[in-house]
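Okay, so here's the structure we're looking at.
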Amino acid sequence: MKQQNKRRPLWLALLLAWSLVPAGAQQTNRETLYTSAMEDALSRLRMARTAEEYLPCANRFERIARAEKDRWLPYYYSAYALILQTYEMEVGPERDPVLDRAQELLDQAFDLAPEESELFVLQAFLLPSRILVDPMSRGMALLDRVFSSLNRAKSLDPENPRIYFLEGMNRINLPAAMGGGEEEGLALLRKALDLYENQSDLPFLAPDWGEEAVRQELMKRGKLPSEG
Amino acid sequence: MKHTIRLISLIATACLVSTGILSAQQRISGQVLDARETTVPGANIYLENTYDGASSDAEGTFSFPTGESGDQTLVCSFIGYEDLRVSLFLNGRDTSLVLILKESAQAMEEVVITAGHFNAGDKKKATILNAMDIASTASALGDIYGAFATMPGALVPGEEGRLFVRGGDSRETRTYMDGMWVQSPYFTKVPDIPTRGRFSPLLFSEMVFSTGGYSAEFGQALSSVVDLNTNGLEPQDKGSVSLMSVGGSVSGSKRWENSSVAGTLMGTTSVLHHRLFRPRVDFLRDPRTLDGNLMFRKRVGEEGLLKIFLSHNRSSMELMVDHVAEDTCDRLALTDRSGFGTAVLTGRINENWRYRGGVAVNLDGNDMVYRSLPIDETHRSGQAKLVVVREGNLLRQLRLGAESGLETQEQSVRTEPVVRLFARDRWSAGFLEGDLVPHPALALRLGIRLEHTSLTESFRVAPRASLALKTGEKSQVSLATGIFHQNPGFTCMKWKPDLEPEEATHVILNFQRESGNRILRLEAYAKKYTKLVTYQEPDDVEPDHYRNDGHGLARGIDVFWRDRGSIEGLDYWLSYGFLDTKRRYRDYPETATPSFASTHAFSAVAKYYFQRPALFTTLTLTYASPRPYQDPNSAGFMTGRTPAYRDISMGITHLTRLWNRRLVLHVNLNNVTAFKNVFGYEYTQEPDAEGVYASRAILPPMDRQIVFVAILSLEKL
């Protein structure tokens with residue numbers, strides 16, 4: 001009798017204590033929930049290939065973004081997924097509403113992190129998709145913005161390989177008169193590759209795309225630097 | 001013991017539930033449809049403030065688990081549709097829903113009233129042209145009005161350089177910038193030499209050219225309105241220098257966080273040009289101009305924008321004017337100064353109301369010495385305008401505005417004694433106009449304008465109405481009608497200031513079909529003029545001779561076809577206008593077709609981009625049927641006919657690089673094949689010995705014109 005009496009309060013105390021713990025544990029719980037949700041969304045994004053596959057990825061990131069409210073990364077990835085979707089769509093005005101939405105999401109990311117290099121890179125990734133819809137009228141104005149966004153990204157983080165990836169791709173595909181040049185473009189891609197290969201470990205969930213595309217482009221032109 | 005365990009498990013469950021580790025799970029599933037019951041794949045359905053959600057699949061169905069409980073809000077969103085919010089109470093039971101999305105107002109393909117106007121801008125809807133189209137139309141050489149002349153219903157007679165719309169005189173077209181009236185949108189007109197617009201098309205993000213039936217917001221134009229909207233904030237710092245065969249310019253812009261400034265300074269002189277292409281006109285001093293403008297933009301508050309535009313222009317020239325009529329050759333020296341300044345503030349009053357207010361000042365003056373007689377003219381005006389706009393759903397927009405201004409014009413002929421003629425008008429106007437969209441396929445616009453002028457101390461009421469109805473997936477019909485008033489010009493008012501305003505009534509019917517890259521527009525119109533001012537002879541000095549008893553009628557059909565890209569790399573448009581017009585005004589003894597009207601006018605503009613070498617070329621073909629002129633050697637009035645007008649113009653642009661900067665090289669050739677065009681004839685006052693009146697043909701200043709332009713950007717690539 002005496003033993004049972006002793007145990008009951010102990011059990012109760014433990015349970016009650018456990019129910020109080022969540023105050024701090026909930027915080028860690030949220031962090032874990034966020035990280036695992038983002039990881040899941042990212043792995044699905046990496047598998048997506050078609051326009052129909054990119055939209056649910058964008059939706060997934062948008063749900064996380066709206067629930068979290070003050071993290072820029074889910075907004076970033078949501079916009080990124082929509083931009084990738086437009087590149088898989090037919091070239092035409094149907095791209096515009098999707099790009100409008102991507103720009104809205106990117107703008108929300110900018111509000112949360114106005115000095116983030118990756119956001120300026122993403123802006124420079126979005127604009128060429130718009131240009132392709134109507135190059136004659138949009139080319140002039142938007143191309144300037146592509147390069148000014150990349151320059152801003154450079155000033156914030158000169159080691160970001162994606163800057164040189166996008167700059168390189170743009171320069172290769174533009175006529176010389178508009179700032180293009182194959183040699184220059186390839187040099188930039190090589191610089192990007194160099195940065196990709198030598199970058200220190202990135203923080204978890206940080207953007208890490210582009211390396212494959214750089215390799216493919218260099219390989220296509222037979223300009224891949226020989227591996228040691 | 002049993003009780004204890006039960007109590008413990010109960011508490012344990014309660015705690016686990018409260019920590020969310022063990023919670024009541026349920027599924028939320030359903031289907032997403034739009035208003036037409038079509039499935040919506042890819043919609044985003046989720047519980048607000050949670051991660052729980054899913055995207056709808058190819059059949060619009062979705063399903064996801066959630067551990068949330070109690071009051072929740074389910075959100076469903078999809079691009080182009082309004083977000084749908086549903087209140088749910090979750091208690092562990094699966095829920096199934098059908099979600100019906102409503103198209104958002106912006107995404108809906110709503111019909112837009114198109115009768116009587118062309119929109120040139122970058123907006124996606126109802127855009128026929130954009131700013132680059134205007135800037136690159138070969139025949140126009142960067143002149144906004146010259147480019148509008150390639151639209152049906154618009155003519156720019158070769159010796160004029162100004163727009164004449166649908167049988168209306170050039171003064172019947174008014175230009176507005178950001179809603180404020182621009183008193184002199186053209187450079188000063190000199191006899192027989194065409195003038196051109198003062199502003200570069202690159203200053204504007206949108207230009208609306210109305211050929212009739214225009215909004216109640218504008219008035220004092222019997223035929224048409226050109227509404228220019230300046231660019232917003234400059235996107236970034238820029239600079240460029242340009243060199244032309246007729247002069248040079250320098251321009252730049254600077255952008256700060258919430259403001260920007262942009263300016264251009266340009267000087268032109270025809271010296272070199274006239275050495276290369278001998279003009280018919282005998283210039284004692286080649287025309288030269290100095291032009292500068294400054295645009296300042298600043299964001300004000302959350303949604304407001306302040307726009308300040310300042311422009312100043314000076315030009316001078318000296319030439320010998322050939323007068324067959326007087327059998328003399330007279331020296332004309334002209335110096336012209338023009339200044340325009342406007343400040344416009346737009347902003348939001350509250351959720352539904354916006355406002356737009358502005359002030360503008362126009363200061364123009366010219367000093368002429370003609371036949372050794374100095375004549376000075378000044379034209380000054382100041383205006384203020386305020387418009388409030390309410391946005392809604394059925395009543396899509398309600399606009400209420402008031403404006404007022406003061407305009408004075410003065411002409412002094414420095415004879416002995418000095419002859420001074422003066423006219424001053426204190427005017428005010430108010431308007432109320434509403435856009436109703438009862439259905440996406442029907443749009444209505446009703447407006448009323450009230451104008452008051454101090455010249456006659458009288459009011460004029462001008463009702464305006466237009467509508468558009470969708471007749472098929474890609475086609476629509478549109479109707480516009482209204483009454484328009486305009487005070488008689490200074491040439492009449494300086495003699496008799498209390499002349500009544502002239503009046504015109506328009507009816508326009510339009511059919512438009514847009515399919516992918518192609519657009520077809522057919523428009524039929526009728527304009528009835530009343531109270532046009534008549535007098536007995538040119539420069540009639542008898543005030544009583546000026547009366548409002550003239551009248552006129554203009555009717556016609558305009559056809560427009562544009563195809564952008566059906567043929568790879570080619571963008572072209574064709575326009576044709578049929579015009580039947582007669583009027584009795586000015587010193588006309590009887591009703592006749594005016595000398596600026598051509599019965600048939602045709603324009604073709606084609607733009608093509610060659611890849612190798614990188615050349616952007618434009619070609620413009622223009623034809624206008626013979627114009628009437630008064631031939632005293634024939635019986636009747638205005639019975640003479642000039643030869644038809646033909647012109648083929650070309651522009652070639654090459655983009656290249658210089659000193660690691662962007663370089664644009666452009667050459668423009670006007671009247672490439674040197675057609676011999678005659679715009680009219682001028683006759684002597686008295687017949688010669690055989691009773692024949694001698695004549696002189698009014699010809700273009702030169703047969704062919706070539707202009708070279710090179711523009712270098714200052715930013716390194």
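Letters A, B, ... are given to chains in the order of the sequence lines, protein chains preceding strands, and every chain is numbered from 1.
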Partners meeting side-chain contact (heavy atoms from CB on, under 4.5 Å) with A:E52 (sequence neighbours left out)
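Residues passing side-chain contact (heavy atoms from CB on, under 4.5 Å) with A:E52: A:T50.
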Checking A:L132 now: which residues fulfil side-chain contact (heavy atoms from CB on, under 4.5 Å) with it, not counting sequence neighbours?
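side-chain contact (heavy atoms from CB on, under 4.5 Å) list for A:L132, sorted by chain: A:Y87, A:V91, A:R95.
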Has B:K102 got more than 12 heavy atoms of other residues, nucleotides or ligands less than 6.0 Å from its NZ?
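Check fails, neighbour count at 12 or below.
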Which residues, numbered in order, of residues 110-129 of chain A come under 4.5 angstrom of chain B by heavy-atom distance?
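So no residue qualifies.
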Members of residues 54-65 of chain A whose heavy atoms come closer than 4.5 Å to chain B:
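If one takes a 4.5 Å heavy-atom cut-off, the residues of residues 54-65 of chain A near chain B are A:L55, A:P56, A:N59, A:E62, A:R63, A:I64.
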Heavy-atom distances under 4.5 Å only: say whether [X] touches chain A with side chain, backbone, both or neither.
X     : result
B:I45 : backbone
B:A43 : backbone
B:F78 : side chain

Pairwise distance [atom1]([X]) to [atom2]([Y]) - rounded to 0.5 angstrom:
X     : Y     : atom1 : atom2 : result
A:R66 : B:T50 : CZ    : OG1   : 12.5 Å
B:Y51 : A:M38 : OH    : CE    : 8.5 Å
A:Q85 : B:I79 : CD    : CD1   : 6.5 Å

What part of A:R145 gets closer than 4.5 Å to chain B, counting heavy atoms only: side chain, backbone, both or neither?
both
